[in-house]
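These notes concern the structure reproduced below.
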Amino acid sequence: MQIGPYQLYSIETSEFALDGGAMFGIIPKPLWEKKAPADEQNRISMVTRSLLLVSDKHKIIVDTGNGTKWQEKFKDIYRIDLDNLNLEKSLAKYGYTTDDITDVYCTHLHFDHVGGNTQIVDGKLEPVFQKATYWVQKENWELANSPSEKDTGSFMSDDWSVLEENGMIQFVDGKESFLPGIENHLTYGHTTGLMHPIICDSSQKLIYMADLIPMAAHIPLPWVMAYDIQPVQTVKEKGEILPTIVDEEWFIFFEHDPVHQAATVHYDGKHYRLKEVVTISD
Ligand SMILES: [Zn+2]
């Protein structure tokens, strides 16, 4: 898919699994299980899916997945599997390496979104994208560095400490545009200052939903995650943006759907539903 100056590529960086109950909040299991079957530990299959944007001047990656810095215990809890899908392999599929990346767009600093920012080489933390600028929303940075008891387990400073030391982070304050052809949308229900890139030209728009609508099953308004810091706010924010997504036929990109890269959305007068599955890249 091409939008404006960018060729878009879907970059799957890992397979993993999270608790189905946590992923669907108040929705009863008999309903969500039809959309996302649970394993023997009640976990549902997910992926981390980054978006690569390539123009003459930029090679931007939006989020970087779980990364490789995992102890066996947590790899096991989250069923993190890098054998089939990983960053290097997915970039190589389109002829790119991590050194080609000019910009890393961090939607927010939860571990399954920025785990791939850094890696351990010879016992030392290193940036994965050596030549890149990492873009981070200031409000989310502040939360990540002093999280509440509820979300302390979602933030790991190893994902950004070495980037700060190396002066590789550029802070974004609000919705100002910092990359050409990319607008930013901000939400606060999932985490404070979650940044969504909207890639646009005169005829098409694609929004990277991140954890506002992580999987196709999360399109209906009340289907929100228990991980959200303000679930009522998430429902409100979905309700605010979905009418525009429907009316203007935007593409929505799913970061965690195990099957679908993207889709368009339909409103039947009562509920929002998946309209058509969209392939960003083969
Ligand atoms: Zn998150």
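In each ligand, atom 1 is the first atom listed, and ligand 1 is the first ligand listed.
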Below 4.5 Å, heavy atoms only, C-beta onward: do Y9 and S50 meet side chain to side chain?
no

Assign the ring pair F171 / W141 to parallel, tilted or perpendicular, where the plane angle (0 to 90°) is split at 30° and 60°.
perpendicular

On the 0 to 90° scale, with breaks at 30° and 60°, tag the W223-F24 ring pair as parallel, tilted or perpendicular.
perpendicular

Ring centre gap for Y78 and F111 strictly below 6.0 Å
yes

Please give me the protein atoms (N, O or S only) lying under 2.8 Å from the Zn ion (ligand 1), ordered by chain and number.
H108 NE2, H110 ND1, H190 NE2, D211 OD2

Would you call E12 and R49 a salt bridge, using N to O less than 4.0 angstrom?
yes

In terms of relative ring orientation, are H110 and H108 parallel, tilted or perpendicular, with 30° and 60° separating the classes?
perpendicular

